[in-house]
Number of protein chains: 2
Amino acid sequence: MPAGAAPDAAQAAPATAPPRKPTVIDVARAAGVSPATVSNALNDRRYVDAGTRESVREAARRLGYTPNLRAQRLRTGQADSIALLSAMPFAVAAGPSRLGFLMEIAAVTATLAIERGLALVLVPPLDQPGPALQRLGIDGALVLEPLADDPNVAHLRARGVPVVTIGRQPGAENLAHVDLRSGETATLLLDHLRAAGARRTGLLIGGQPRNSYVETEAAYREFAACHGMPALVRRADEREGEAAGEAMAAAMLAEDPALDALCVPVDAFAVGAVRAVRASGRRVPEDVRLATRYDGLRARNCDPPLTAVDLHLDRIAELAVELMLEQLAGAPPRVSLAPLPDLVPRRSSVPAA
Amino acid sequence: MPAGAAPDAAQAAPATAPPRKPTVIDVARAAGVSPATVSNALNDRRYVDAGTRESVREAARRLGYTPNLRAQRLRTGQADSIALLSAMPFAVAAGPSRLGFLMEIAAVTATLAIERGLALVLVPPLDQPGPALQRLGIDGALVLEPLADDPNVAHLRARGVPVVTIGRQPGAENLAHVDLRSGETATLLLDHLRAAGARRTGLLIGGQPRNSYVETEAAYREFAACHGMPALVRRADEREGEAAGEAMAAAMLAEDPALDALCVPVDAFAVGAVRAVRASGRRVPEDVRLATRYDGLRARNCDPPLTAVDLHLDRIAELAVELMLEQLAGAPPRVSLAPLPDLVPRRSSVPAA
DNA sequence: GCAGCTTCCTAAAACGTTTTAAGAGGTTTC
DNA sequence: GAAACCTCTTAAAACGTTTTAGGAAGCTGC
């Protein structure tokens with residue numbers, strides 16, 4: 001900046017108006033009332049004379065007044081933003097397996113949040129959760145399908161930030177979450193496969209300690225016991241994507257050649273499983289029926305398209321946001337039950353008509 | 001509330017401690033210093049004696065003090081967060097066409113932002129941009145491929161929020177943006193198609209006033225003139241997704257049966273175009289070569305996989321964040337040039353070896 | 001003529017932080 | 001021995017809003 005000019009100009013002549021945003025005080029002055037009345041008038045609170053209200057509004061409009069959010073929030077103590085953390089690496093290899101899932105949740109959550117005056121902060125997976133999370137101005141956090149010992153959740157809870165998880169955290173007590181009802185989802189898929197003619201269904205799930213896998217496996221074992229079916233459960237590493245699914249499915253088919261169906265909740269694995277089935281000389285769905293969980297682009301674009309379930313992610317996101325608002329309001333953690341998913345039958349389990 | 005009980009209880013016995021969050025004042029009292037010193041000690045500002053600093057830190061830790069972000073933000077005027085707005089509808093039909101694109105940008109941007117102490121707020125497309133955006137506490141906004149008269153951009157600029165667009169806004173002056181070099185991208189694709197044997201290439205772009213289409217069309221017309229090729233440009237409505245692409249591609253093939261290639265930047269349209277080509281009894285790529293722009297799940301999952309370009313979205317996001325930081329620091333708007341994209345040839349333009 | 005109710009409005013006190021301006025000691029410099 | 005300059009600390013003033021606790025005026029009813 002120029003050396004001698006500034007101080008004089010600033011002191012002597014505020015001729016060129018300093019471009020300060022108008023405040024409630026400016027509006028009050030302009031309308032000839034008190035700041036309190038301006039606040040009441042603009043927020044439809046208390047008794048304010050209709051004429052006064054109009055003139056305040058008019059003054060506010062004329063001055064281009066917009067309330068200072070930070071002041072408003074300090075005063076009211078209301079939340080202004082929540083975070084959405086994915087426990088799953090953002091780019092699972094180059095194959096965006098969970099990307100669709102996360103993104104759908106993010107999209108719906110962002111919409112709901114914004115309608116309630118909350119901003120949704122997207123938090124990518126971090127090497128060091130601590131330092132970066134700390135400086136994040138959030139009032140609460142939504143965590144998607146956390147692992148048993150999720151460091152993000154631990155950090156947030158230690159910090160006293162309200163946490164709501166979508167899908168229960170294995171082993172966690174007293175943590176608000178939306179119960180995804182993975183057991184029932186699994187049963188839905190298994191029943192469908194059976195109705196489609198399957199008599200021997202294998203289960204292929206992910207290797208990380210996620211609650212949905214635990215529940216899915218339990219439901220599967222019960223289903224197997226119920227129907228006198230031998231249980232075959234295998235795990236593959238989610239980080240390896242479709243290839244891991246293909247390899248493990250091939251191993252399962254080799255191990256038990258009588259398998260006539262595979263329940264594969266992880267969509268990337270399911271796509272790999274289709275390849276494995278074909279590589280073994282069998283057909284989908286005539287010889288081996290397939291079903292997966294998340295009905296995303298991957299399931300739909302697969303050849304044949306994969307039978308999946310509509311999890312009603314919009315509703316799930318809504319429940320999560322509700323739980324979050326409750327906690328922000330000081331209520332104790334609570335559990336919400338997600339709606340039961342609906343089956344979306346496709347050609348991977350039922351032959352084309 | 002009960003009539004007689006409350007006042008007595010409140011006045012006489014705060015036996016059951018009111019669970020109030022500790023403030024800077026509590027810490028000051030505990031450490032035997034003033035609030036100002038607490039602030040200075042915790043934020044490494046000014047001269048604070050090392051011993052004092054430590055005892056303040058200790059007191060803060062003991063009391064479980066965390067600064068009130070709303071107060072901090074009111075005082076400093078900073079929100080430490082920027083928004084990412086997609087100008088494109090979030091769920092383009094049920095097929096998340098741009099979802100991958102936006103998500104890739106969002107993931108990279110979020111990571112970069114967080115490393116710089118900024119939170120990334122995800123803003124979904126809104127029916128009424130005004131009211132919701134107004135309630136958003138952000139310091140700046142990144143807008144993805146804005147339309148010519150984008151209401152979000154208008155709103156933000158009117159509000160005085162620094163805006164950086166990814167892809168120039170058609171018609172906008174003095175707006176910081178990352179130049180996506182869509183013209184050069186188009187030329188890259190057209191050259192590739194020609195090298196693959198195409199002699200008559202049609203162009204199918206989106207109908208909304210987006211700068212990338214303008215540049216793409218210009219590059220195409222120049223290419224056509226250069227090679228003495230008749231120009232055939234058609235537009236389809238992005239909101240209709242693959243179906244619109246299929247219908248328009250079919251119309252183009254009918255109109256000019258000699259077409260032996262289609263350049264289709266919108267990936268959803270390109271997938272539709274594959275179907276149209278086949279429906280007309282032709283083969284991809286032997287009879288009609290196809291190329292699209294964004295190399296996402298859609299392009300890869302298509303049958304045959306679509307030739308596309310690697311836009312280097314990570315670098316683009318980085319440039320955008322840089323521009324944003326500059327503006328936040330008070331620098332004037334500036335333009336950054338994205339790196340040139342790299343071709344990713346696939347079977348939609350070159351037959352399998 | 002005053003108690004009690006309404007309706008409209010306001011002064012002042014929050015909310016919890018950072019910053020400003022200044023003060024208290026102490027050391028150095030002329 | 002006063003002026004100048006450190007280093008450390010603090011009281012008080014912001015930041016811009018909402019809320020609290022009344023107050024003033026105009027009624028009604030006795």
Side-chain angles (χ1 to χ4, degrees), chain A residues 10 18-57 59-60 63-80 117 134-135 137 139 160 328 330, chain B residues 1 6-7 10-11 18-57 59-60 63-80 134-135 137 139 159-160:
Chain A
R20 201 174 48 80
K21 268 192 67 176
T23 75
V24 83
I25 297 185
D26 300 320
V27 176
R29 205 169 352 231
V33 296
S34 78
T37 298
V38 172
S39 174
N40 287 329
L42 294 180
N43 297 303
D44 279 331
R45 245 176 285 270
R46 311 286 188 99
Y47 305 100
V48 177
D49 182 74
T52 311
R53 170 159 317 190
E54 215 16 79
S55 72
V56 168
R57 291 238 163 102
L63 269 61
Y65 168 77
T66 55
N68 179 312
L69 288 168
R70 308 189 232 286
Q72 237 168 10
R73 287 177 178 145
L74 169 59
R75 179 60 238 218
T76 62
Q78 299 215 324
D80 62 349
Q134 198 124 25
R135 288 224 49 81
D139 301 306
L328 290 176
Chain B
M1 64 185 86
Q11 260 193 348
R20 202 173 48 79
K21 267 191 68 174
T23 74
V24 82
I25 296 184
D26 300 319
V27 177
R29 201 163 4 222
V33 296
S34 76
T37 299
V38 172
S39 173
N40 286 329
L42 294 180
N43 297 302
D44 279 332
R45 246 176 283 272
R46 310 286 189 100
Y47 306 99
V48 176
D49 183 72
T52 311
R53 169 159 317 186
E54 213 19 77
S55 70
V56 168
R57 291 238 164 102
L63 270 60
Y65 168 77
T66 55
N68 179 313
L69 288 163
R70 304 188 243 285
Q72 235 166 13
R73 300 214 262 243
L74 168 59
R75 182 57 236 216
T76 63
Q78 303 212 324
D80 293 329
Q134 200 126 22
R135 296 215 45 84
D139 295 322
R159 208 176 119 193

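Convention: sequence-line order gives letters A, B, ...; per-chain numbering from 1.
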Shorter than 3.5 Å, N or O on both sides, protein versus nucleotides 20-28 of chain D: list them out with atom names.
none

(request) Not counting sequence neighbours, which residues clear side-chain hydrogen bond (donor to acceptor under 3.5 Å, both in side chains) with A:Arg70? List them please. (result)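 side-chain hydrogen bond (donor to acceptor under 3.5 Å, both in side chains) list for A:Arg70, sorted by chain: empty.
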
(request) Would you please name every residue forming a side-chain hydrogen bond (donor to acceptor under 3.5 Å, both in side chains) with B:Thr66, sequence neighbours left out? (result)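 B:Thr66 satisfies side-chain hydrogen bond (donor to acceptor under 3.5 Å, both in side chains) with B:Lys21 only.
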
(message) Under the rule for salt bridge (charged side-chain N to carboxylate O under 4.0 Å, His left out), what residues qualify as partners of A:Arg75, not counting sequence neighbours?
(response)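 A:Arg75 satisfies salt bridge (charged side-chain N to carboxylate O under 4.0 Å, His left out) with no other residue.
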
(request) Would you mind classifying the nucleic acid contact of A:Thr23 as base, sugar-phosphate or nothing, using non-hydrogen atoms under 4.0 angstrom? (result)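 Result for A:Thr23 = sugar-phosphate.
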
(message) For a quick check of understanding: with a heavy-atom distance under 4.0 Å over all strands, which category does B:Val24 fall into, base, sugar-phosphate or nothing?
(response)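 Counting heavy atoms under 4.0 Å across all strands, the contact made by B:Val24 includes a base.
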
(request) Rounded to 10°, tell me the angle between the two end axes of the helix from C:dG1-D:dC30 to C:dC30-D:dG1, each built from five pairs. (result)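 The end-segment axes of the helix from C:dG1-D:dC30 to C:dC30-D:dG1 are tilted 60° relative to each other.
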
Residues forming a side chain to side chain contact (heavy atoms under 4.5 Å, CB included) with [X], sequence neighbours excluded:
X: A:Leu42; result: A:Val38, A:Val56, A:Arg57, A:Ala60, A:Tyr65
X: A:Asn43; result: A:Ser39, A:Arg45
X: A:Ser34; result: A:Ala36, A:Thr37
X: B:Asp26; result: B:Arg20, B:Pro22, B:Thr23, B:Arg29, B:Leu63

(request) Please name the pair of heavy atoms, one in B:Ala30 and one in B:Ala59, separated by the smallest distance, quoted to 0.1 Å. (result)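 In terms of heavy atoms, the two residues are closest at CB-CB, 4.2 Å.
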
(request) Of all the heavy-atom pairs spanning A:Asp44 and A:Arg53, show the shortest one and how long it is. (result)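 That closest heavy-atom pairing would be OD1-NH1, 2.8 Å.
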
(request) Please figure out whether A:Ser34 or B:Thr37 has its closest DNA chain C nucleotide nearer the 5' end. (result)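 Looking at the nearest nucleotide for each, A:Ser34 comes out on the 5' side.
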
(message) Under 4.0 Å from a heavy atom of chain B: give me the 5'-most and 3'-most nucleotides of DNA chain C that qualify.
(response)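 Terminal contacting nucleotides, 5' to 3': C:dG16 to C:dA21.
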
(request) Please work out which residues in residues 64-74 of chain B have a non-hydrogen atom less than 4.0 Å from an atom of DNA chain C and list them by number. (result)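 By residue number: B:Tyr65, B:Pro67, B:Asn68, B:Ala71, B:Gln72.
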
(message) When you measure from the side-chain N and O atoms of B:Tyr47 to the phosphate of D:dT7, is any distance below 4.0 Å, counting only OP1 and OP2?
(response)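 So the side chain of B:Tyr47 is within the cut-off, an N or O lying under 4.0 Å from OP1 or OP2 of D:dT7.
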
(message) Would you compute the distance between atom CG of A:Leu74 and atom CG of A:Leu69 and round it to the nearest 0.5 angstrom?
(response)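 These two atoms lie 12.5 Å from each other.
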
(request) Measure the CZ-CG distance between A:Arg73 and A:Asp139 for me, rounded to the nearest 0.5 Å. (result)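 Reported value, rounded in 0.5 Å steps: 9.0 Å.
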
(message) Using modelled atom types and a 3.5 Å cut-off, is there a donor and acceptor pairing between side-chain atoms of A:Thr76 and backbone atoms of A:Gln72?
(response)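 Such a contact is found between A:Thr76 side chain and A:Gln72 backbone.
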
